Amino acid sequence: MSLPVKQISVNPLSGSKPGPVVEMLKDRSKPKITAVKTTDPSTVPGITIRLENLSKHFGDLQVLENLDLSIEPGSFIAIVGRSGCGKSTLLRLISGLEQPNKGTVFYDGKVHNKLNEDVCFMFQEARLLPWHSVMNNVRLGLKKNQFPKALDALQQVGLETRAEEWPSVLSGGQRQRVALARSLVHEPRLLLLDEPLGALDALTRIEMQSLIERIWLESGFTAILVTHDIAEAVALADRVIVLDQGKVDLDLDIDQPRPRQRGNAQLCQLEAEILQRILTAPDASETAAASD
Amino acid sequence: MKKLCIAALSVWFKLTKNLTGWLLPAFLIVFWEIAARNGWISLRILPSPTDIVHAAINLTLSGELASNIATSSARAGWGLLYGGVIGLVLGLLNGLVRPADRFLDTTLQMVRNVPHLALIPLVIIWFGIGEEGKIFLVTLGVFFPIYINTYHGIKTADPQLLEMGRVYGLGPWQLFSQVIFPGALPSILVGLRYALGFMWLTLIVAETIATTSGIGYMAMNAREFMQTDVVVLAILLYALLGKLADTGAHLLELRLLQWHPGFRNS
């Protein structure tokens, strides 16, 4: 993802044609520092995330162990792994829903330890309030003067005509779309997705994947998707991270142009590669432990 | 013409659908009348339905019936209001605030296990045979079903929805008003329907023991003069009033729980 801020910091140094912004920067004595100052995080749509030495255990069970990870602002990351590998826990630690036993989560270089309005979380279940209409579910947590945004968000997910209905009459896919709209009205800078499509049928899943991709491309937030569907991970993400026994086992960039074609040979190969890695992972970690 | 027929039919079906519940009582009354007229049952033991209608007409004309129904309904209403409010408030308090729960629950459970009708002698000593004693007893009878069900409704609030609410920045008040309370409402309304049953039960007992007005008084008074028709009329009135209260509660459910699949189009 190219960022406007990065371009500004590069231009004055490289001495290329100075634009008005660059002229403004040149007036100051230290362009490099001012350029850094303009990296005001709130002007960038996505959050930069850094995890340092993150550990989490539940009782005797070590779920995550000394995990380090950096995530570029505006990128789409998929975290995959066997069930119980700690991927959901990692997502909950990143969000601030849970606290690590050790280590730190940084948002834009600042310590993050509780929920804030920049982050939205989509759960495996839609978690709509059954006693509120679709519209009022999307309005949840908004102030009155922000209510018009709810209709925009419903339009984005194509459900504006169902606004006055109860969630119980919607299909599973439609409920997840409402949940997505509910996240979008908050204009998150980080969207965390905890297997939100896991319970949907295959066709609805593909539709939802393209919807999420389209909205992500339009809005530019950072997205982290936890999934057990490797095809989904490869289709959506810039980078796939394989977790195994609380550690990063594989960190793979998916350098494929978008929109990605399903069934594309390269994607299939990447998928097979990742799958192979996950399936053989226990052996690999055992040998690693033996060599230690 | 054809359309008219269909419209008439659909109205008929709608009516009969609502009336289905009344078929059995109607049949029983007809059978009862026949039995009474043929002397199968002694009129001293059980008067015929027409006798009861006569009694009802006479008492209505004298104004006695209306004033007794009004008195009983007022007692029931005030008792329900006091008991309902106390039950709801304590249920919410103990459901939401753990220290309050620990402090109060033991006491409430002990009081709950005392049958409130056992207090009647004491209540007569405290309040005499005035209105307060009856309202006090109804309040006690109504309080527990509302308290228990409110408490239960709050305690079983969906943790997933609560977590979701926190993610979307809801404060404590919003979490209560948008997530916890609406989720507890079905349970609270079940409590209300139970409470209505206890309300009439308590009132009937209280009115037959110590009173100078009301439906129960009317029945006890009639017994002295062997007016079985009035006694049976009083019993039927309780049945009707009970049904009326339950219907009211059901309509309230339909209105407040529109979102609930179980309460739609029924």
Side-chain angles (χ1 to χ4, degrees), chain A residues 88 91-92 94-98 114-144 146 149-150 153 164-170 175-176 178-188 190-194 196 199, chain B residues 84 88 91-92 95-96 146 149-193 249-266:
Chain A
S88 285
L91 206 64
R92 295 172 71 84
I94 294 175
S95 71
L97 273 172
E98 271 172 50
K114 60 176 195 287
L115 292 167
N116 71 21
E117 67 273 25
D118 285 341
V119 193
C120 276
F121 203 108
M122 266 188 85
F123 303 93
Q124 188 163 10
E125 319 80 23
R127 301 199 187 179
L128 304 179
L129 296 175
W131 42 83
H132 279 342
S133 67
V134 165
M135 177 60 92
N136 283 337
N137 264 291
V138 177
R139 283 173 176 171
L140 196 72
L142 291 185
K143 294 188 183 69
K144 271 233 167 68
Q146 299 172 308
K149 287 205 294 189
E164 294 313 317
E165 295 187 41
W166 301 115
S168 56
V169 303
L170 301 181
R175 284 180 209 175
Q176 279 298 13
V178 176
L180 180 61
R182 182 178 61 190
S183 301
L184 295 176
V185 288
H186 291 268
E187 291 167 9
L190 171 62
L191 184 62
L192 302 171
L193 305 131
D194 189 4
Chain B
L88 190 68
L92 292 178
L96 293 168
I146 300 230
N149 284 285
T150 305
Y151 178 81
H152 176 259
I154 299 282
K155 279 286 176 193
T156 51
D158 187 344
Q160 291 194 332
L161 289 182
L162 286 172
E163 187 180 75
M164 183 280 299
R166 279 200 299 277
V167 168
Y168 288 96
L170 301 188
W173 166 247
Q174 279 185 310
L175 273 180
F176 172 73
S177 66
Q178 307 217 31
V179 183
I180 300 174
F181 187 74
L185 206 51
S187 177
I188 294 174
L189 289 173
V190 167
L192 178 65
R193 285 180 89 165
H250 186 56
L251 288 176
L252 202 64
E253 277 180 344
L254 286 183
R255 171 144 184 79
L256 293 177
L257 305 180
Q258 287 171 31
W259 54 271
H260 201 292
F263 291 95
R264 212 166 292 143
N265 301 327
S266 51

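Because the structure is a prediction, the values reported are computed rather than measured. In what follows, chains carry the letters A, B, and so on, assigned in the order in which the sequence lines appear, proteins first and then strands, with residues in each chain numbered from 1.
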Top residue by heavy-atom pair count (under 4.5 Å) with chain B, among [options]?
options: A/Ser183, A/Gly96, A/Pro167, A/Pro188; result: A/Ser183
options: A/Val119, A/Leu115, A/Asn116; result: A/Leu115
options: A/Asn136, A/Leu142, A/Leu128, A/Leu140; result: A/Leu140

Verdict with reasoning, B/Asp158 to A/Arg127, per side chain to side chain contact (heavy atoms under 4.5 Å, CB included): CA-CA 10 Å; B/Asp158 187 344; A/Arg127 301 199 187 179; over 6 Å; no

Candidate pair B/Val167 and A/Phe123, rule side chain to side chain contact (heavy atoms under 4.5 Å, CB included), full reasoning: CA-CA 11 Å; B/Val167 168; A/Phe123 303 93; 3.9 Å; yes

Chi angles and distances behind the side chain to side chain contact (heavy atoms under 4.5 Å, CB included) call for B/Trp259, A/Ser133: CA-CA 8 Å; B/Trp259 54 271; A/Ser133 67; over 6 Å; no

Residues, nucleotides or ligands: over 12 heavy atoms within 6.0 Å of B/His152 NE2: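 Atom NE2 in B/His152 is not packed in, count stays at 12 or less.
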
Minimum heavy-atom distance B/Gln178-A/Trp131, with the two atoms named: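 The pair with the smallest heavy-atom distance is O-NE1, 2.6 Å.
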
For the student: nearest non-hydrogen atoms of B/Leu161 and A/Pro130, plus distance: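 Result for this residue pair: CD1-CD, 4.2 Å.
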
Which portion of A/Glu125 sits near chain B, non-hydrogen atoms under 4.5 angstrom: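 The side chain, not the backbone.
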
